[in-house]
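Being a predicted model, the structure only gives us computed values, none of them experimental. Chain naming here is simple, since letters A, B, ... match the order of the sequence lines and numbering starts at 1 in each.
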There are 2 protein chains.
Amino acid sequence: MEENRARLLHAARRAFAAKGYGDAVMDDFAAEAGLTRGALYHSFGDKRGLFAAVVGQIDGEMAARAKAVGARAGDGFAALVAEGAAYIEMALDPEVQRIVLLDGPAVLGDPSKWPSQNACLEETRRAVERLMADGVLKPVDLDAAARLLTGAALTAALWVAAGDDPGSRLPKAVEAFRCLSEGLLAPSR
Amino acid sequence: MEENRARLLHAARRAFAAKGYGDAVMDDFAAEAGLTRGALYHSFGDKRGLFAAVVGQIDGEMAARAKAVGARAGDGFAALVAEGAAYIEMALDPEVQRIVLLDGPAVLGDPSKWPSQNACLEETRRAVERLMADGVLKPVDLDAAARLLTGAALTAALWVAAGDDPGSRLPKAVEAFRCLSEGLLAPSR
DNA sequence: ATTACGACATACGCGCCGTATGTCAACTCA
DNA sequence: TGAGTTGACATACGGCGCGTATGTCGTAAT
């Protein structure tokens, strides 16, 4: 069964990414997984449940990747910026775009309330928390700062991908994001 | 006919805000306006067209309001921050939330490509442009900066509204937004 | 006066979701 | 070991909502 669940999830993920939530049809990815809708409703409850599962999966992957990038960049402010840049680049993936950035909020509501608890958001929250405790960042509200940072990064990604030449916009977006992040830095030292 | 168009728009706006794009039914707001779906399809083409019109209307109102707030706050950096704060407050309106922030991107794609040309985005773009020309802001990419600022503000609003007590989150969000904005300030003077 | 046209209303089909019901294996337990 | 139970699906059905094709009626044009 775990096998089937995974195949359904995979098929659904592709369909949601390709057609968007509204136009993706249950029968299609059930068939693609070699099953029927019965299996879907049994495993995921309804269409939203299935979608939430897909979102959770992608979110987890993004958080893991961001964490890895952050770790590689040390543990200071640079790591935070690196994580943000990583989010921007990851969100260039059409799958992430369509599912997490566009349909996700519309179907599941604000990301901070997602069932997957938004691992992605949690990750930068921890990073901000550390930096704030170390006095590197201004003591603004923790959650607000984390939410705005990820929001800005993902917004940036959307902008990058919406352009005709993502390659040229990407560095501009990363640079702008870095500047904004620096606004959180505590004055001098 | 202009009269009818306006009534349909009004009814649709209420329905979209209350139920979301997916659950809002054409017949309902046609009936609410005292007409049938025929009138809708005649005036707006299809459901997306109608939705786009609603989004354009709200977007215009928001931009106008932001402009007014900005003007009242002078023409310096403070005005930019004030505009951002204004966006955050405006986005506390459930109508704006549901229509512009949640369903908008899902149905119409990235805001920077909206048919309404996103007056709201244009407005801050101009503000940033002035400040950058005056050397108040760092010379980062204009569009990127504007997009990230509005994105951050609207993201912040979503976060504020998602909480149990919006009143307590609002000042935190505005404060965090102000900090981020300051990251764009050119070093000293 | 006939024609053309625009603003709607009406009618219809089609797709898709959810749910109710059926099937069949594996497993339990006396 | 065989009757009962449960869980993982498949199948069947109803209903709703969108889009479109078609009809109607008033008004302007010539």
Side-chain angles (χ1 to χ4, degrees), chain A residues 1-57 95 98-99 102-109 114-115, chain B residues 1-57 95 98-99 102-109 114-115:
Chain A
M1 177 190 181
E2 196 58 32
E3 162 78 13
N4 279 344
R5 217 186 111 96
R7 285 177 32 205
L8 286 171
L9 212 62
H10 182 72
R13 182 167 165 168
R14 295 205 331 162
F16 281 138
K19 305 184 178 182
Y21 180 82
D23 292 337
V25 181
M26 306 280 272
D27 295 292
D28 289 354
F29 32 78
E32 187 179 331
L35 299 169
T36 69
R37 283 205 345 264
L40 277 175
Y41 282 94
H42 182 71
S43 293
F44 299 97
D46 62 352
K47 194 178 182 183
R48 283 188 56 192
L50 173 57
F51 184 73
V54 171
V55 167
Q57 190 183 44
E95 217 177 34
R98 185 77 236 185
I99 296 177
L102 296 182
D103 289 333
V107 176
L108 305 176
W114 284 357
Chain B
M1 175 190 183
E2 196 58 33
E3 163 77 13
N4 279 345
R5 219 187 109 96
R7 286 179 27 208
L8 286 172
L9 212 61
H10 182 71
R13 181 167 167 168
R14 294 204 332 161
F16 281 137
K19 305 185 178 182
Y21 180 81
D23 293 336
V25 181
M26 306 281 270
D27 295 291
D28 289 355
F29 32 78
E32 188 180 330
L35 298 169
T36 69
R37 283 203 348 262
L40 278 176
Y41 283 94
H42 183 71
S43 293
F44 298 97
D46 62 353
K47 195 179 181 182
R48 285 188 55 194
L50 173 58
F51 184 74
V54 171
V55 167
Q57 190 183 44
E95 216 177 33
R98 186 77 237 187
I99 296 178
L102 296 182
D103 289 334
V107 177
L108 304 176
W114 284 356

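The distance between atom CG of B:L35 and atom P of C:dA9, rounded to the nearest whole Å, is 5 Å. In this structure, the CD atom of B:E3 is 22 Å from the P atom of C:dG6, given to the nearest Å. As a whole-Å value, the separation of A:K19 NZ from C:dC16 P is 8 Å. To the nearest angstrom, P of D:dC9 lies 10 Å from CG of A:L40. For the pair B:R7 CZ and C:dA7 C1', the computed distance is 14 Å after rounding to whole Å. For B:R5 and C:dC8, the CZ to C1' distance is 15 Å, given to the nearest whole Å. Protein atom CG of A:D27 is 12 Å distant from nucleotide atom C1' of C:dG18, rounded to whole Å. The distance between atom CG of A:L8 and atom P of D:dA8, rounded to the nearest whole Å, is 13 Å.
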- Kindly determine whether B:F51 and B:F44 satisfy ring pair (Phe, Tyr, Trp, His ring centres under 6.0 Å), including the steps that lead there. CA-CA 9 Å; B:F51 184 74; B:F44 298 97; over 10 Å; no
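Residue A:R37 places its side chain closer to C:dT19 than to any other of C:dT19, D:dG19, D:dC9. Side-chain proximity of B:K47 to D:dA10, C:dC16, D:dG19: nearest is D:dG19. Comparing D:dA10, C:dC8, D:dC18 against the side chain of B:N4 picks out C:dC8 as the nearest. Relative to the side chain of A:T36, the nucleotides D:dT11, C:dC8, C:dC17 differ in distance, and D:dT11 lies closest. Which of D:dG19, C:dG18, D:dG17 sits closest to the side chain of B:V25 comes down to D:dG17.
Taking for each of A:D28 and A:G45 the nucleotide of DNA chain C with the nearest heavy atom, the 5'-most of the two is the partner of A:D28. Where A:D46 and B:E2 meet DNA chain C, the nucleotide closest to each residue was compared, and B:E2 sits on the side nearer the 5' end.
Counting only distance, with no hydrogens or angles, the side chain of A:W114 and the backbone of A:G56 share no donor-acceptor pair below 3.5 Å.
Side-chain N/O atoms of B:H42 include none lying less than 4.0 angstrom from OP1 or OP2 on C:dC8.
Between A:A17 and A:E95 the shortest heavy-atom distance is CB-CG, 3.4 Å.
A salt bridge links A:R14 with A:E32: the distance from a Lys NZ or Arg NE/NH1/NH2 to an Asp or Glu carboxylate oxygen falls below 4.0 Å.
Atom CG of A:N4 sits about 4.5 Å away from atom CG of A:L35, to the nearest 0.5 Å.
Counting non-hydrogen atoms under 4.0 angstrom, A:A30 reaches nothing in the nucleic acid.
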